[in-house]
Amino acid sequence: MAEAPRDLEAQFGQWRTYLRHRQAIRGTDVEELEGHLRDQVAALQDLGLDDDEAFLVAVKRLGSLDALSREFAREHSDRLWKQLVLAPGQVDAGKAERTDVGVVVALALSAAALLKLPHLFGFATFGPEVIDSFYARNLSLFVFPVLAGYFAWKRGLDRAGWGWLAGAFASSAAVVNLLPFTDFGNTEVLAVLHLPIAAWLVVGFAYVGGRWRSGRRRMDFVRFSGELFIYYVLMALGGGVLMVFTALMFAAIGLSAEDLVQFWILPCGAMGAVIVGAWLVEAKQSVVENMAPVLTRVFTPLFAILLLVFLATMLWTGSGLDVERELLIGFDLLLVLVLGLLLYAISARDPDAPPDAFDLTQLVLVASALLVDALALAAIASRISDFGFSPNKVAALGENLILLVNLGWSAVLYFRFLRGRSPYSALERWQTAYLPVYGIWALLVVVGFGPIFDFS
């Protein structure tokens with residue numbers, strides 16, 4: 001593309017400077033958006049539009065940045081393209097936000113209603129002491145399709161994308177409800193634990209607007225997942241306070257609110273909070289982005305110290321790992337948490353920044369987790385050698401092997417980065433490329449372990 005005229009280049013610079021001052025827009029995002037803007041301008045110039053007209057129309061066509069563009073236009077009223085961006089009949093940002101809030105409230109209520117409907121009609125048992133097998137299998141399917149629908153609407157997913165989402169969730173529901181699992185048997189428990197992983201990646205497809213092949217968009221989904229987790233925990237703490245005060249207030253007039261809290265507020269709130277939390281991440285992104293990297297930097301060294309102390313204690317005492325199911329699940333959750341810290345640190349870091357002390361801490365954390373994973377694998381292999389295969393042992397073996405590969409190559413890439421032999425972006429590409437492996441494994445456990453192990 002030929003060099004842009006000086007006046008047009010000044011408009012690009014002003015637009016770029018404005019976006020860089022928006023906390024919700026990262027530097028790399030600005031570069032990508034500017035590339036799209038320049039392509040649009042060049043195409044419009046080829047059609048015969050002059051510089052100002054081409055820039056005006058190109059800004060308008062950015063679509064998802066319309067709200068930012070309108071705000072920018074208001075603050076820079078001397079620009080020619082203000083007239084089109086603020087053209088009469090445009091839906092103002094406030095009205096769009098109110099529409100978004102209305103949709104979110106409706107979807108949150110829908111997720112809560114979907115959870116309660118089977119119980120209200122006597123189809124399944126759901127309560128604090130007894131949970132029917134039906135609810136255990138379908139818990140994630142009450143809320144994740146609703147959340148995926150929200151993002152599909154927000155991203156303007158095409159008809160084929162909507163069809164893919166519907167097919168994925170319908171197939172998941174058919175598998176977990178039609179296969180003859182033994183109630184709360186090993187294979188059913190494994191299906192219950194792994195279905196949310198596969199379903200969450202389907203939500204990711206909607207979140208990225210169907211552009212799953214884009215490594216940048218997959219990393220955006222990783223970032224969103226971490227921020228949603230933070231918001232959900234905060235809302236859960238607030239919900240706990242709400243339930244305590246509800247019980248106290250009704251107790252003050254001699255009534256028990258136990259059923260109200262346990263059968264309505266708790267389950268419905270848990271479902272609705274997923275939708276509300278996702279909207280908060282979308283709407284208030286800059287607030288969480290200031291919080292999440294701080295939490296990552298606090299907990300990364302703490303978990304690194306924990307793993308180092310654990311490994312030193314094992315070496316000192318000569319104790320081996322216990323591979324009972326509950327402990328295996330606990331170790332896998334610990335390793336997943338370490339991986340989550342790594343992923344979120346990668347997503348929040350400027351890939352062009354030089355190595356620092358925190359990167360070294362990250363490498364120590366990954367290397368320690370890698371050693372713990374190797375020890376767990378050795379214990380599982382020994383147990384299988386002594387007592388044979390079982391659904392739990394095979395699931396643990398597969399998950400730890402998957403984590404071993406991910407953590408192992410991550411450690412290599414981190415070491416290369418610290419030595420100046422590889423760019424940080426290589427680590428980011430590795431993580432985003434590896435995400436589908438977790439979904440494939442989760443799907444294999446849900447669909448394949450039942451028939452393989454006779455639904456025991």
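No hydrogens, no waters, no symmetry mates; every other heavy atom, side chains included, goes into these values.
- Listed for the Arg218 side chain is no donor-acceptor partner under 3.5 Å among the backbone atoms of Leu435.
- Proximity of a side-chain donor or acceptor of Lys116 to a complementary backbone N or O of Ala111 within less than 3.5 Å is not detected.
- Rounded to the nearest 0.5 Å, atoms CG (Leu397) and CG (Asn392) are 12.5 Å apart.
- Inspection of the Tyr438 and Glu399 side chains reveals no N or O donor paired with an N or O acceptor under 3.5 Å.
- Using a 4.5 Å cut-off on side-chain heavy atoms (C-beta onward), Val104 and Ile275 make contact.
- Between Trp153 and Tyr150, the ring-plane angle classifies as tilted under the 30° and 60° cut-offs.
- For the atom pair CD1 (Ile346) and CD (Glu428), the distance works out to 7.5 Å, reported to the nearest 0.5 Å.
- The side-chain heavy atoms of Leu190 and Phe453, taken from C-beta on, include no pair separated by under 4.5 Å.
- The environment of Phe299 atom CZ is sparse: at most 12 non-hydrogen atoms of other residues, nucleotides or ligands sit within 6.0 angstrom.
- Taking all atoms of both residues into account, the shortest heavy-atom contact from Val203 to Phe144 is CG2-O, 3.7 Å.
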Could you please spell out the steps behind the side-chain contact (heavy atoms from CB on, under 4.5 Å) verdict for Ser390 and Asn186? CA-CA 9 Å; Ser390 71; Asn186 290 330; 5.8 Å; no

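- In this structure the side chain of Leu141 reaches within 4.5 angstrom of the side chain of Asn138, judged on heavy atoms.
- For the pair Val189 and Phe184, the tightest heavy-atom approach, listed with the atom from each and the gap, is CG2-O, 3.9 Å.
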Can Ser172 and Val176 be said to form a side-chain contact (heavy atoms from CB on, under 4.5 Å), step by step? CA-CA 6 Å; Ser172 300; Val176 295; 5.9 Å; no

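- Proximity of Val445 to Leu195: side-chain heavy atoms (C-beta onward) are nowhere separated by under 4.5 Å.
- The shortest side-chain heavy-atom distance between Tyr207 and Leu147 does not fall under the 4.5 Å cut-off.
- Considering only heavy atoms from C-beta on, Leu342 stays 4.5 Å or farther from Val338 through its side chain.
- Annotation for Ile402 and Tyr434: closest pair O-OH, 2.8 Å, computed over non-hydrogen atoms.
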List the steps, then state whether side-chain contact (heavy atoms from CB on, under 4.5 Å) holds for Leu334 with Leu307. CA-CA 10 Å; Leu334 174 62; Leu307 292 177; 3.7 Å; yes

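- Within a 6.0 Å sphere centred on CZ of Phe455, heavy atoms belonging to other residues, nucleotides or ligands number more than 12.
- Glu282 and Arg223 are not joined by a salt bridge, as no carboxylate oxygen comes within less than 4.0 angstrom of a charged side-chain nitrogen.
- Contact between Leu427 and Leu413 at its shortest, heavy atoms only, is CA-CD1, 3.8 Å.
- A perpendicular orientation is assigned to the rings of Tyr414 and Phe417, their planes being inclined by more than 60° (bins at 30° and 60°).
- Of all heavy-atom pairs spanning Ala257 and Ala247, the tightest one is CB-CA, 4.2 Å.
- Surrounding CZ of Phe250 are at most 12 heavy atoms belonging to other residues, nucleotides or ligands under 6.0 Å away.
- Atom CG of Leu377 is separated from atom CD1 of Ile384 by 9.5 Å, given to the nearest 0.5 angstrom.
- Counting heavy atoms from C-beta outward, Asp100 and Lys154 have side chains that approach closer than 4.5 Å.
- Residues Ile380 and Asn400 form a side-chain contact, since some pair of their non-hydrogen atoms from C-beta on lies under 4.5 Å apart.
- Aromatic ring pairs are classed by plane angle as parallel below 30°, tilted from 30° to 60° and perpendicular above 60°; the pair Phe449 and Trp441 is perpendicular.
- Ring to ring, Phe224 and Phe151 are close: their centroids are under 6.0 angstrom apart.
- Between the CZ atom in Phe134 and the CG atom in Leu139 there is a gap of 10.5 Å [rounded to 0.5 Å].
- A distance-only check finds a donor-acceptor pair linking the side chain of Asp359 to the backbone of Asp356 [under 3.5 Å].
- If you take OG1 on Thr296 and CD1 on Ile230, they are separated by 6.5 Å, rounding to the nearest 0.5 Å.
- Between the side chain of Asp183 and the backbone N or O of Ser133, no donor-acceptor pair lies under 3.5 Å.
- Closest heavy-atom contact between Tyr135 and Leu115: OH-O, 2.6 Å.
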Could you go through Trp164 and Leu157, starting from their C-alpha distance and side-chain angles, then the distance that decides it, and tell me whether this counts as side-chain contact (heavy atoms from CB on, under 4.5 Å)? CA-CA 10 Å; Trp164 190 90; Leu157 200 63; over 6 Å; no

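- In this structure, the side chain of Ser214 engages the main chain of Arg217 through a donor-acceptor pair within 3.5 Å.
- When ring centroids are compared, Phe221 and Trp200 come within the 6.0 Å threshold.
- Checking Asp259 against Trp264 by side-chain atom types alone, no donor-acceptor pair falls below 3.5 Å.
- Glu188 pairs by the salt bridge (charged side-chain N to carboxylate O under 4.0 Å, His left out) definition with Arg137, not counting sequence neighbours.
- Rounding to the nearest 0.5 angstrom, the gap separating the CG atom in Leu311 from the CG atom in Leu371 is 5.5 Å.
- Between the side chains of Arg429 and Ser425, a donor-acceptor pair is found at a separation under 3.5 Å.
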